[in-house]
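First up is the structure itself, then whatever we jot down about it.
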Amino acid sequence: MPELPEVEVTRRGLAPRLQGRRLEDWRFSTLHLRHPYPELDAIRGVALQRLERRAKYLLFMFDNGWVLSWHLGMSGHFHLGKLNDPSLRHEHVRLNWSGGISVRYCDPRRFGYLALFPPGEWRRHPWFAQLGPEPLETRFSVAYLQDRCAARKSAIKQVLMDARVVVGVGNIYACESLFRAGIHPARAARRIAGRRIARLHGAIRDVLREAIAVGGSSIRDFLHIDGSSGYFAHRFAVYGRAGAPCHRCGHLVRRIVQQGRGTFYCPACQR
DNA sequence: AAATGAACCTGTTTGC
DNA sequence: TGCAAACAGGTTCATT
């Protein structure tokens with residue numbers, strides 16, 4: 001489910017517990033995820049050097065250069081536990097690490113997927129080769145976003161959710177960013193003034209940073225790596241609030257469908 | 001090229 | 001109350 005903040009919070013939670021530990025063993029469920037389970041023999045007994053993130057993918061970087069990429073799909077989440085803890089509901093992968101630590105991957109909808117890449121190869125895979133800049137890095141600049149928007153006549157929300165433009169912005173944070181910037185989600189990207197794109201750029205970064213800061217907001221499926229709920233008191237301004245009054249102006253938040261996804265916005269604040 | 005719809009899954013919420 | 005439809009954070013593929 002996770003959008004960038006939830007994946008980043010997962011990374012920050014797992015990294016200090018796993019870095020330096022060796023992957024000793026693993027178990028896969030009999031049910032497949034989105035793609036077949038990879039062969040992991042190349043990293044058996046190898047220590048985890050770093051846990052990184054690119055877009056909504058977690059990247060387990062091992063000492064021998066091999067990289068395990070992991071996408072959480074719509075409903076994936078990790079639990080940390082001990083070696084012989086009983087299986088959790090919808091547990092599909094278990095990784096056992098040196099020191100008796102066990103990482104369980106649970107995913108009711110099974111849209112998640114993992115893959116193992118030899119040294120240097122992950123960036124060339126189609127999943128990664130076309131990805132745009134990270135929204136919180138400097139390559140994602142105001143000028144860059146203005147440039148990409150000027151070239152697109154499609155709705156701005158669609159452009160924000162296009163991973164070739166910028167990664168990590170999913171349905172929730174696209175809606176929230178557009179609300180903060182006062183931009184109607186269906187407005188043609190190329191018909192938004194440069195000043196307003198600049199405001200949107202700031203809104204995207206602020207919304208994502210705040211969500212990371214509160215621990216990754218999420219609707220219902222995301223769980224913290226220690227098993228406690230990741231559903232924070234973080235309140236969305238518009239997402240999921242159709243029919244409720246806008247906190248800013250009191251008009252009723254509206255829901256429309258774009259590209260088959262629900263879009264929430266305030267018809268008075270967003271133009 | 002770009003816009004739509006369907007597909008992959010299960011669980012929860014909504015509406016009759 | 002029960003049941004069925006709608007809906008859910010993502011990505012990819014096929015069809016207009």
Side-chain angles (χ1 to χ4, degrees), chain A residues 1-11 29-37 53-58 69-78 88-93 105-115 125-132 135 148-178 185-190 204 207-208 211-212 214-224 229-232 234-244 255-264:
Chain A
M1 87 109 271
E3 296 189 31
L4 184 150
E6 289 76 21
V7 179
E8 178 62 18
V9 168
T10 299
R11 186 192 72 77
S29 80
T30 54
L31 294 171
H32 62 89
L33 298 179
R34 180 166 185 155
H35 301 294
Y37 292 115
R53 179 188 57 74
R54 173 71 172 112
K56 296 167 187 164
Y57 294 86
L58 284 170
S69 74
W70 208 312
H71 196 291
L72 307 183
M74 292 276 254
S75 57
H77 49 265
F78 288 99
L88 298 159
R89 189 160 160 76
H90 302 299
E91 177 180 318
H92 292 109
V93 184
Y105 176 69
C106 302
D107 189 348
R109 293 176 74 179
R110 292 159 47 215
F111 288 176
Y113 46 101
L114 55 156
H125 190 279
W127 293 337
F128 301 99
Q130 311 268 8
L131 293 179
R148 297 304 299 261
C149 286
R152 300 284 295 269
K153 61 182 173 187
S154 32
I156 183 63
K157 186 199 180 210
Q158 183 184 339
V159 174
L160 290 188
M161 293 180 67
D162 182 344
R164 294 167 304 179
V165 174
V166 60
V167 302
V169 182
N171 205 35
I172 291 179
Y173 299 108
C175 292
E176 294 295 305
S177 301
L178 287 165
R187 175 169 287 273
R190 67 181 183 185
I204 292 166
V207 163
L208 294 176
I212 292 170
V214 299
S217 43
S218 110
I219 300 305
R220 57 179 72 83
D221 289 335
F222 177 72
L223 299 181
H224 257 307
S229 171
Y231 189 8
F232 283 80
H234 186 255
R235 296 182 59 77
F236 298 125
V238 286
Y239 186 83
R241 298 192 61 245
R255 179 184 186 274
I256 58 175
V257 175
Q258 293 178 284
Q259 283 78 51
R261 315 293 299 276
T263 298
F264 300 86

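Since we're looking at a predicted model, the values are computed, not measured. Numbers restart at 1 for each chain; the letters A, B, ... are given by sequence-line order, proteins then strands.
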### Task
State whether the distance check finds a donor on one side and an acceptor on the other, under 3.5 Å, for side chain A:R261 versus base C:dA8.
no
### Message
Using atom P in both nucleotides, what's the gap between C:dA8 and B:dG5 to the nearest angstrom?
### Response
15 Å
### Query
Considering only C:dA8, B:dG11, B:dA3, which nucleotide approaches the side chain of A:M74 most closely?
C:dA8
### Task
Taking side chain to side chain contact (heavy atoms under 4.5 Å, CB included) as the test, write out the residues that go with A:F128, two or more places apart.
A:R54, A:Y57, A:L59, A:S69, A:F117, A:W122, A:H125, A:L131
### Query
When the distance from NZ of A:K157 to C1' of B:dT4 is rounded to whole Å, what number comes out?
14 Å
### Message
Applying the 5.5 Å / 30° rule, does A:F111 stack onto the base of B:dC8?
### Response
yes
## Note on the structure
Residues at least two apart in sequence or cross-chain that pass side chain to side chain contact (heavy atoms under 4.5 Å, CB included) with A:A188, listed by chain then number, are A:R191
### Message
If the cut-off is 4.0 Å, is A:S154 near the phosphate of B:dA3, judged by side-chain N/O to OP1 or OP2?
### Response
yes
### Query
Once you round it to whole Å, what is the distance between P of B:dG11 and NE2 of A:H77?
12 Å
### Task
Quick one: list whatever passes side chain to side chain contact (heavy atoms under 4.5 Å, CB included) with A:Q259, sequence neighbours left out.
A:Q158
### Task
Check side chain to side chain contact (heavy atoms under 4.5 Å, CB included) between A:A244 and all other residues, then give those that pass, not counting sequence neighbours.
A:R241
### Task
Describe the nucleic acid contact of A:R110 in one word from base, sugar-phosphate, nothing, applying a heavy-atom distance below 4.0 Å.
sugar-phosphate
### A:R54 CZ to C:dG10 P, straight-line distance once rounded to whole Å
16 Å
### Message
So if I take every side-chain heavy atom of A:R255 and compare against C:dT11, C:dG10, C:dA8, which nucleotide ends up nearest?
### Response
C:dA8
### Query
Within the structure shown, what part of the strands sits under 4.0 Å from A:R152 by heavy-atom distance: base, sugar-phosphate, or nothing?
nothing
#### Entry: Side-chain heavy atoms of A:S29 within contact of A:Y37, under 4.5 Å
yes
### Query
If each of A:G260 and A:R164 is mapped to the nucleotide of DNA chain B with the nearest heavy atom, which maps nearer the 5' terminus, i.e. the 5' end?
A:R164
### Query
Of all the nucleotides listed (B:dC8, B:dA3, B:dG11), which has the minimum atom distance to the side chain of A:Q158?
B:dA3
### Task
Check the distance between C:dG10's P and A:L33's CG and give it to me in whole angstrom.
18 Å
### Query
When you check the phosphate oxygens OP1 and OP2 of C:dT11, does a side-chain N or O of A:K56 lie under 4.0 Å from one of them?
yes
### Given C:dG10, C:dA8, B:dT4, the nucleotide with the shortest approach to the side chain of A:Q259
B:dT4
### Heavy-atom donor-acceptor pair, A:R110 side chain to A:G112 backbone, under 3.5 Å
no
### Query
Just wondering, do A:K56 and A:L72 contact through their side chains at under 4.5 Å, heavy atoms?
no
### Query
Using a cut-off of less than 4.0 Å, is there contact between a side-chain N or O of A:H71 and OP1 or OP2 of C:dT11?
yes
### Task
Let me know the distance between CZ of A:R34 and P of C:dT12, rounded to the nearest Å.
6 Å
### Task
Grab the CD-P distance between A:Q258 and C:dG10 for me, whole Å please.
14 Å
### Query
In whole angstrom, what separates A:I256's CD1 from B:dT4's P?
12 Å
### Query
A:H32 near the nucleic acid: base, sugar-phosphate alone, or nothing, with a heavy-atom cut-off under 4.0 Å?
sugar-phosphate
### Task
Using a 4.0 Å heavy-atom cut-off across all strands, classify A:G170 as base, sugar-phosphate, or nothing.
sugar-phosphate
#### Entry: Span that lies between the P atom of B:dA1 and that of C:dT11, in whole angstrom
23 Å
## Note on the structure
Listing for DNA chain B: consecutive Watson-Crick or G-U pair runs of at least 3, distance cutoff 3.5 Å, ranges ordered by first number, gives B:2-8 with C:10-16, B:10-16 with C:2-8
### Task
Not counting sequence neighbours, list each pair that qualifies as a salt bridge (charged side-chain N to carboxylate O under 4.0 Å, His left out) and has a residue in residues 148-159 of chain A.
A:R152-A:D162
### Task
Calculate the interatomic distance between A:Q130 atom CD and B:dA1 atom P; express it in whole Å.
13 Å
#### Entry: Validation row: A:L4, A:P135 side chains within 4.5 angstrom (heavy atoms)
yes
